[in-house]
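Inspection log for the structure reproduced underneath, given as structure tokens.
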Amino acid sequence: MFAALRQPLARASAAKPLARAFSAYTPAQNAVAPASPKLEYLLTETRGRVALVTLHRPKALNALCNGLFVELNQVLKEFDNNKDIGSIVITGSERAFAAGADIKEMKDRQFIENYSENFLGHWTQITTIRKPIIAAVNGFALGGGCELAMMCDIIYAGDKAVFGQPEIKLGTIPGAGGTQRLVKAVGKSKAMEMCLTGSVNLTAQEAEAAGLVSKVYPAEQVLDEAIKTASKIANLSVPIVQMVKDAINQSFEMPLQAGLTFERRLFHATFGTNDQKEGMSAFAEKRKPNFTNN
């Protein structure tokens, strides 16, 4: 959830100390000005049927503040409801996807206000988005940054990316999925080591080997590769893509037999769509399918 911003990163030999990182920011490739004057912390654009959302707090290494998540939830919901968008990519800068939560914003909060307001509860709204989301991660993905990436459906990492959960060094624990999603991705032992020490960070290559990351690319290529994959997904049948996402997400919530039944029912349901008829007919006729999303 949080990044220990005053401490050098362990096992990140390819990255510079955070103190220097604050002074060197490279905008995400082809980023544009906010689509709305109301957006203070994000840049948004579309590339075909892909929506690109860039975290944009350059002076704070994209530290995740409340305002950023309010905006993120807003734009993700808008893209989710936009029929011209089929998938979404979230990225940051070359230096940092997100170096953690904004510690200055939360350091003086008290238990009762956290509990009463369900503090950080709105962070998880990203998991209610039905269209697939790919995280294109460069640089630091620590604490909340790692948790945000894990809320996405696919993670692509630049070869200098670093993943970690250093909250324990700040006298607290991960609060947005770090102890829950991480163990499902990398296993109990590695998750325990990362969360209990706060100093064991995964390189992009280690994250891929552990199953946290799908693919690793050179830092300058990762965003383009994420958009390529997002474009492939966006041009498939939207309702069928949503069914696949639903089925996989349910596998984390259901026992195996219940999950298999849920999957089979969705499989049956696809035969009530025009896109199933078109997809199978196109295969039989050796042509490219023309999905109409119904």
Side-chain angles (χ1 to χ4, degrees), residues 25-36 39 41-58 61-62 64 68-69 71-99 123-141 144-161 163 181 185 204 207-208 212-236 238 241-242 244-245 248-249:
Y25 169 74
T26 302
Q29 181 178 345
N30 295 328
V32 297
S36 166
L39 294 180
Y41 304 111
L42 304 176
L43 305 175
T44 64
E45 64 174 295
T46 59
R47 300 191 187 183
R49 289 181 50 78
V50 177
L52 174 60
V53 180
T54 302
L55 309 182
H56 188 62
R57 293 191 73 198
L61 284 178
N62 293 332
L64 303 172
L68 185 149
F69 261 95
E71 291 183 4
L72 185 60
N73 290 334
Q74 170 194 327
V75 300
L76 290 179
K77 185 175 181 180
E78 290 174 357
F79 286 134
D80 204 28
N81 293 329
N82 187 336
K83 293 183 178 180
D84 294 326
I85 296 299
S87 59
I88 302 165
V89 173
I90 298 177
T91 193
S93 68
E94 278 191 32
R95 186 67 68 179
F97 177 71
W123 283 32
T124 61
Q125 288 181 26
I126 183 176
T127 62
T128 68
I129 301 302
R130 302 193 66 195
K131 291 172 182 173
I133 303 174
I134 300 177
V137 177
N138 267 321
F140 306 124
C146 185
E147 289 170 317
L148 174 58
M150 289 191 291
M151 291 181 211
C152 298
D153 301 304
I154 300 172
I155 303 175
Y156 281 2
D159 54 4
K160 302 299 190 299
F163 299 83
R181 293 187 177 92
E208 181 184 27
L212 178 62
V213 164
S214 179
K215 292 181 181 177
V216 176
Y217 294 99
E220 66 275 10
Q221 296 178 18
V222 64
L223 179 57
D224 284 342
E225 293 297 334
I227 291 173
K228 285 181 185 178
T229 297
S231 295
K232 290 180 182 178
I233 296 170
N235 287 292
L236 297 170
V238 171
V241 165
Q242 291 174 333
V244 171
K245 179 171 174 173
I248 292 175
N249 283 335

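Residues: numbered from 1 along the sequence shown.
Minimum interatomic distance between Ala230 and Ile134 (heavy atoms only, all atoms of both residues): N-CD1, 3.7 Å. Contact record, Leu68 with Leu64: CD2-CD2, 3.8 Å, taken as the closest heavy-atom pair. Minimum interatomic distance between Ala157 and Ala204 (heavy atoms only, all atoms of both residues): CB-CB, 4.0 Å. Here the closest heavy-atom approach between residue Val222 and residue Gly158 is recorded as CG2-N, 3.7 Å. Contact record, Trp123 with Glu147: CZ3-OE1, 4.4 Å, taken as the closest heavy-atom pair. Pairing each heavy atom of Ala136 with each of Thr91, the nearest pair is O-OG1, 2.8 Å.
Atom CG of Asp159 is separated from atom CD of Glu208 by 11.0 Å, given to the nearest 0.5 angstrom. Distance CG/Leu236 to CZ/Arg49: 10.0 Å, rounded to 0.5 Å. Note that CD of Glu94 and CD of Glu220 are 7.5 Å apart. Values are rounded to the nearest 0.5 Å. Between the NZ atom in Lys245 and the OG atom in Ser87 there is a gap of 10.5 Å [rounded to 0.5 Å]. Here the CZ atom belonging to Phe97 is positioned 8.5 Å from the CG atom belonging to Asn62, to the nearest 0.5 angstrom. Annotation: the span from Asn138 atom CG to Tyr156 atom OH amounts to 14.5 Å, rounded to 0.5 Å.
No donor-acceptor distance shorter than 3.5 angstrom exists from the side chain of Ser214 to the backbone of Ile154, with no hydrogens or angles considered. Under the 3.5 Å distance criterion, the side-chain polar atoms of Gln125 are left unmatched by any main-chain donor or acceptor of Asn73.
Checked options Leu52, Val50, Val53, Thr54; the residue passing with Glu45 is Leu52 (criterion: side chain to side chain contact (heavy atoms under 4.5 Å, CB included)).
Side-chain atoms of His56 and Pro58, non-hydrogen and from C-beta on, do get closer than 4.5 Å to each other. The shortest side-chain heavy-atom distance between Met151 and Ile90 does not fall under the 4.5 Å cut-off. Looking only at side-chain heavy atoms (C-beta outward), Leu55 and Leu148 come within less than 4.5 Å of each other. Residues Glu71 and Thr44 fail the side-chain proximity criterion, which asks for heavy atoms closer than 4.5 Å. Counting heavy atoms from C-beta outward, Lys131 and Leu76 have side chains that stay 4.5 Å or more apart. Contact of the Leu61 side chain with the Arg95 side chain is registered, since non-hydrogen atoms from C-beta on lie closer than 4.5 Å.
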Are Thr46 and Phe79 close enough, and set up right, to give a side chain to side chain contact (heavy atoms under 4.5 Å, CB included), and what steps lead you there?
CA-CA 10 Å; Thr46 59; Phe79 286 134; 4.1 Å; yes
